[in-house]
Amino acid sequence: MSAPQWKNPVVKWIDHRLPIFTMTHHSLVDYPTPRNLSYWWSFGSLAGVILVIMIATGVFLAMHYTPHVDLAFDSVERIMRDVNFGWLLRYLHMNGASMFFLVVYIHIFRGLYYGSYKAPRELLWIIGLLIFLAMMATAFVGYTLPWGQMSFWGATVITNLFSVIPFFGDAIVEWLWGGFAVDNPTLNRFFSLHYLLPFIIFGLVFLHLWALHEHKSNNPLGIDIKGPQDTIPFHPYYTVKDFFGLGVFLIIYLGFTFFAPNFFGEPDNYIEANALVTPAHIVPEWYFLPFYAILRAVPDNFIDVWGILPVIVSAKTAGVILMFGSIVLLAFLPWLDRSRVRSAKFRPVYKYLFWLFFADCILLGYVGGQPAEGLMLLIGRLATLYYFVHLLVFMPLLGKFEKAAPLPESISAAVTSAGAKA
Amino acid sequence: MADTTVPTGHGHDEDSSRRDFLLTSTVVVGGAGVIAAALPFIDYMNPSADVLALASLEFDLSGVEEGQSITVMWRKKPVFIRRRTSTEIKEAEEVPLSQLKDPQPDSERVEKPEWLVMVGICTHLGCIPKGQAPGDPKGEYGGWFCPCHGSHYDTSGRIRKGPAPRNLEVPPYEFTGDTTILIG
């Protein structure tokens with residue numbers, strides 16, 4: 001890739017001292033991209049666009065929001081009723097959070113199906129998981145800010161998770177609250193963190209892209225780029241493709257924002273927080289439901305039966321460990337998966353196990369939204385068990401026993417008519 | 001690179017003009033979209049409905065005797081309302097315009113000569129002039145005196161001496177009754 005020649009004297013002057021135009025050109029214009037990327041590869045840039053939308057709407061919302069327990073709920077209602085276009089910015093922010101998770105979940109499952117996490121992209125995958133964790137933290141503290149019933153009780157329940165930490169648990173929870181319950185100090189620090197974390201995500205996205213551009217995008221065939229015949233420049237081919245994807249996405253996102261703005265929300269959150277009344281049925285936002293199901297899955301007598309550290313590890317503790325473990329384990333996936341073949345296209349068994357795992361996650365999400373009793377509890381336990389068996393048993397074993405289909409010689413050979421005839 | 005199928009086009013000119021058209025229309029439509037999306041963000045920072053709802057306020061002046069002043073809050077600013085005595089009115093009306101720094105006849109500054117209504121903020125650097133309370137210094141011209149940098153205002157609130165460039169501002173107002181006034 002030759003360096004572009006800049007004609008504009010100002011651009012030329014700046015670029016000679018700080019090659020920001022050349023860098024942008026290399027990463028957005030002549031950046032060599034596998035020629036066979038499908039629309040599943042549009043979700044990364046889409047997530048980046050949503051991050052920008054969330055930061056923009058969030059910065060503006062903060063201009064009219066008041067982080068105080070007596071004023072927060074009313075200030076949000078004022079944004080909805082009195083502030084010019086406040087309803088629009090708030091609904092964009094609310095639904096943007098759901099869209100962000102939807103897009104990122106698709107992005108993650110894309111990586112799982114096509115083996116994008118495998119060498120040499122392990123760190124790229126792990127940075128991605130860090131972004132996901134930071135997103136979860138941002139969404140959780142952000143949900144507290146409107147100070148409705150679900151805000152308050154969601155914050156109470158989730159911060160109480162930390163009480164399972166041995167010996168220091170209660171002290172840590174009080175430290176998180178800045179008091180003896182979720183109260184004004186909690187709301188203040190959650191607001192502060194909610195403003196900070198998106199910029200940390202932004203930094204992590206930069207590292208994510210840096211790592212991506214070092215070894216370039218994976219592709220639906222999961223084989224390496226062997227030469228220039230396997231790539232096309234990012235612009236115009238993938239800028240156009242990503243813009244089209246953005247258009248389709250905006251129709252869905254704005255469709256929810258304008259026509260069903262509270263579709264993803266809980267009606268209880270339009271009741272101001274009340275420390276004396278817990279809502280009958282507390283559910284987290286949909287994007288946390290699978291993890292919520294795992295949290296509630298461990299039976300009380302499970303630990304007694306197995307006799308593992310019965311003093312420290314109660315059912316509650318085990319649930320919390322499993323929940324965090326379900327995400328941490330994903331970071332080890334590049335090493336748990338022993339298969340050298342990336343794309344599920346050429347893995348006759350994994351191809352089906354992937355969809356089973358996907359269905360399992362959906363099932364966990366469904367169970368997480370239901371009351372934890374009877375059949376639902378049993379299904380939740382089995383689905384949790386399957387989640388871990390998939391990652392800890394199937395993935396390592398598959399690499400040993402699965403016979404992969406022959407890989408194509410190169411990307412260009414597989415996807416061009418000239419290559420197909422040859 | 002015989003095995004690539006990147007289109008090279010048949011009629012080169014026709015292709016590049018089509019490409020130019022697509023590029024231009026994409027930039028125009030996209031630019032219009034970005035501007036349309038930016039407008040709500042800009043308007044979001046304008047005064048909101050609850051702020052605008054207090055932009056016009058009605059006040060009852062029936063308790064104000066001749067020679068008395070009251071200060072009311074309007075749009076978060078002090079508004080001076082003085083029920084002037086006939087001497088004060090006479091003084092204000094008889095000053096030749098040539099003596100004024102910001103020439104303006106008294107008749108232009110009042111609806112009814114008896115009532116003088118002004119925003120009580122010095123036109124120099126925004127301090128609040130003295131002269132409302134009975135014991136306050138009223139300056140050399142019997143009106144108001146700004147203690148910050150020594151601006152003297154007369155009984156019509158006009159700048160007579162000191163660094164202030166303009167007369168005290170008269171807000172838009174109207175009498176809705178004999179002694180009720182709607183400011184804003």
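Since the structure is predicted, the reported quantities are computational estimates derived from the model, not experimental observations. The sequence lines fix the lettering, A, B, ..., with proteins before strands; numbering per chain opens at 1.
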Which atom of B:S48 lies closest to which atom of A:D82, heavy atoms considered: CB-O, 3.2 Å
Test item: A:F85 and B:L39 side chains (from C-beta on) under 4.5 Å apart, heavy atoms: no
Contact residues of residues 125-156 of chain B (partner chain A; heavy-atom separation under 4.5 angstrom): none
Pick from A:L92, A:V240, A:L61 with the largest number of heavy-atom pairs that fall under 4.5 Å of chain B: A:L61
Approximate separation, where rounding is to 0.5 Å, of B:D43 CG and A:L88 CG: 11.0 Å
Check: A:F60 ring centre within less than 6.0 Å of B:F41 ring centre: yes
Residue list, side chain to side chain donor-acceptor pair (under 3.5 Å) with A:Y39, at least two apart or on another chain: none
B:D60 atom CG, neighbour heavy-atom count above 12 within 6.0 Å: yes
Exceeds 12 heavy-atom contacts within 6.0 angstrom, atom CH2 of A:W40: no
Main-chain N/O of B:P47 paired with A:N84 side-chain donor or acceptor, under 3.5 Å: yes
Residues of residues 49-59 of chain B within contact distance of chain A, non-hydrogen under 4.5 Å: B:A49, B:D50, B:V51
B:M45 atom CE, over 12 foreign heavy atoms within 6.0 Å: no
Over 12 non-hydrogen atoms of neighbours within 6.0 angstrom of OH in A:Y270: yes
Heavy-atom neighbours of A:I20 CD1 exceed 12 at 6.0 Å: no
Sequence-distant partners of A:H68, side chain to side chain donor-acceptor pair (under 3.5 Å), two or more places apart: none
B:F175 CZ: over 12 foreign heavy atoms closer than 6.0 Å: yes
A:H64 (side chain) donor-acceptor with B:Y44 (main chain) under 3.5 angstrom: yes
Crowding at NZ, B:K90 (>12 non-hydrogen neighbours, <6.0 Å): no
